[in-house]
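Below is one structure; the comments refer to it alone.
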Amino acid sequence: MTELDRLLFDNRFTAELPADPDRSNRRRQVHRACFSRVVPTPVSAPKTLAWSPEVADLLGLAPEVCRSEDFAQVFGGNRVPAGADPFAANYGGHQFGGWAGQLGDGRAIALGEVLDRNREHQILQLKGAGPTPYSRMADGRAVLRSSIREFLCSEAMHHLGVATTRALSLVTTGQTVVRDVLYDGNARPEPGAVVCRVAPSFTRFGNFQLPAWRGERDVLEQLVRFTIRTDFAHLAADGFPVLGEAVGSWFDEICTRTAALVVDWMRVGFVHGVLNSDNMSILGMTIDYGPYGWLESFDPGWTPNTTDAGTRRYRFGAQPEVAHWNLVQLANSLLVLTEDPEPLQAGLESYVASYHRGFEAMMAERLGWGSPLQEDDRLLSELFVMLGRTETDQVLFFRDLARVPVDTDGDLPAGALLAPLAGAWYKPEEVVGEVREAVVGWLRSWGRRAAEGGLADDNRRRRMDAVNPRFVLRNYLAQEAIDAAEDGDPSLVAELLDVLRHPYAEQPGRERFSARRPEWARERVGCSMLSCSS
Ligand code: AMP
Ligand code: MG
């Protein structure tokens, strides 16, 4: 017995939902089951590269446990702790607009559900733990670079206040994995790793889509009832005798949670990159960190995912509509249960309404205006046009806008308004003439609107700083941490994790982590170009 055998497992998913009777990891279509029992495939030399102190604490794991050899063995997939019931979930999904049939956890294996400090259930899931029935043609493994990206971004998002699955640990396997980063015939061996992801549920829209598509109505109904009972218990308080009614209110809540999530992505400048319906969490959390990216210069058309370069379906500015499209697909699956489109239609409408309300309130808060006003629309459109006129770092622009003086009398010199924003321009030589006039003009309007909002200067700054981060996981910073780790030095992973624990604070001495993207990173693979290869 070790400390990790004392984790309190309470495996509801595997205890209550229909299981695949086959326990092998042979690739196959799995019918009439929500999951398959499968154990991680051991690796040669698991070594803990990093772990999240907050997630460890949530799970009641002391630092010495996280530093132990046993921790690397368990979270590298070599030892199944007492009480675990490892499984891979069965789901389908729409990928890039087309129905893809069965997908499932092809390389993620959940150890089971544990009770955290607050007696809440958390699933511990190892990503990159080896083949499962759902691995199709692939190897069930993950490379170090994508694992570092998932580990860091999960925690960065949490500290930014964005709903997300969490990451407990990053363990290297001692084995290599062969990948062709740009799918151009240049496959090479890369170091492998396993991330332990943590969330109350990893259920995706696709978990419901698959049984609906296959006509397995009873499996669908069991999964819906289970999900409402476990993760939406407040909706099941009266037992919900009528399934149709329960599904209506449940779907409504999924819609409003998804809307809130997308508002947050638009606030922090996060581009998911692969918003397929199997990458949409039923809890409204960010899930599956693949070729995601952070918006540097403000460009709504930007996507980091080269696999999506053709249509840029999942570009930054399209995320609100894409989430809606995915909700429509989920609604189509739930129609099998409600038989009445009306309650589902109502949910979709509440998505649109709550997204718009949320976006307006979020922008008013970011800009220091207090409550949103109808007339803000025009100023917001002007802002987005202005940000597009010269390459502008949107993180620095919004953060430093709080330092621009409010020009109530309209007589401050242009230089005084522009000075705090000097770090935000990628091409300062372009901020002259008409462009400069447009920026200064907008800043004066912004100031008038801020004055109208009536917040005192220090209060306004404090509120703006609470929603406009100084530090995000800039694409090039993640790549620097990856390059160093691949060369055997994981210290930058640890340092970045530490910086990203306080994204809204000024951190003297750590200015380099908030600097705008250097020129070398403009067109580099891993920085501005990522693929689904992971
Ligand atoms: P993703 O694009 O990462 O969301 O993955 C789409 C599907 O492919 C999911 O079912 C994954 O589990 C599966 N998948 C991705 N990479 C691998 C891999 N290396 N081995 C097995 N399955 C994978
Ligand atoms: Mg996925």
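Numbering of residues begins at 1 and proceeds along the displayed sequence. Both ligands and their constituent atoms are indexed starting at 1 by order of listing.
Listed by number with element, the atoms of ligand 1 under 4.0 Å from a non-hydrogen atom of Arg179 are 19 (N).
Exactly one residue among Phe226, Phe251, Trp250 makes a ring-ring contact (aromatic ring centres under 6.0 Å, His included) with Phe208. That residue is Trp250.
There is no protein heavy atom less than 4.0 angstrom from atom 5 (O) of ligand 1. Under the 4.0 angstrom criterion, atom 1 (P) of ligand 1 counts as lacking any protein heavy-atom contact.
Taking 2.8 Å as the criterion, Asn279 counts as a coordinating residue of the Mg ion (ligand 2), since one of its N, O or S atoms falls below it.
The part of Arg136 lying near ligand 1 is the side chain, judged by heavy-atom distances below 4.0 Å. With a 4.0 Å heavy-atom cut-off, ligand 1 is reached by the backbone of Leu103 and by its side chain too.
A salt bridge is absent between Arg188 and Asp180; no separation between the charged side-chain nitrogens and carboxylate oxygens falls under 4.0 Å. Remark: Asp10 does not engage Arg119 in a salt bridge, criterion side-chain N to carboxylate O under 4.0 Å. Classification of Asp393 and Arg517 as a salt-bridged pair fails, no side-chain N sitting under 4.0 Å from a carboxylate O.
For atom 17 (C) of ligand 1, the closest non-hydrogen atom on the protein side is Arg107 NE, 3.5 Å.
Here the N, O or S atom of Asp288 that is nearest to the Mg ion (ligand 2) is OD2.
Residue Cys532 places every heavy atom at 4.0 Å or more from ligand 1.
Under the 30°/60° scheme for interplanar angles, the aromatic rings of Tyr351 and Tyr355 are found to lie parallel.
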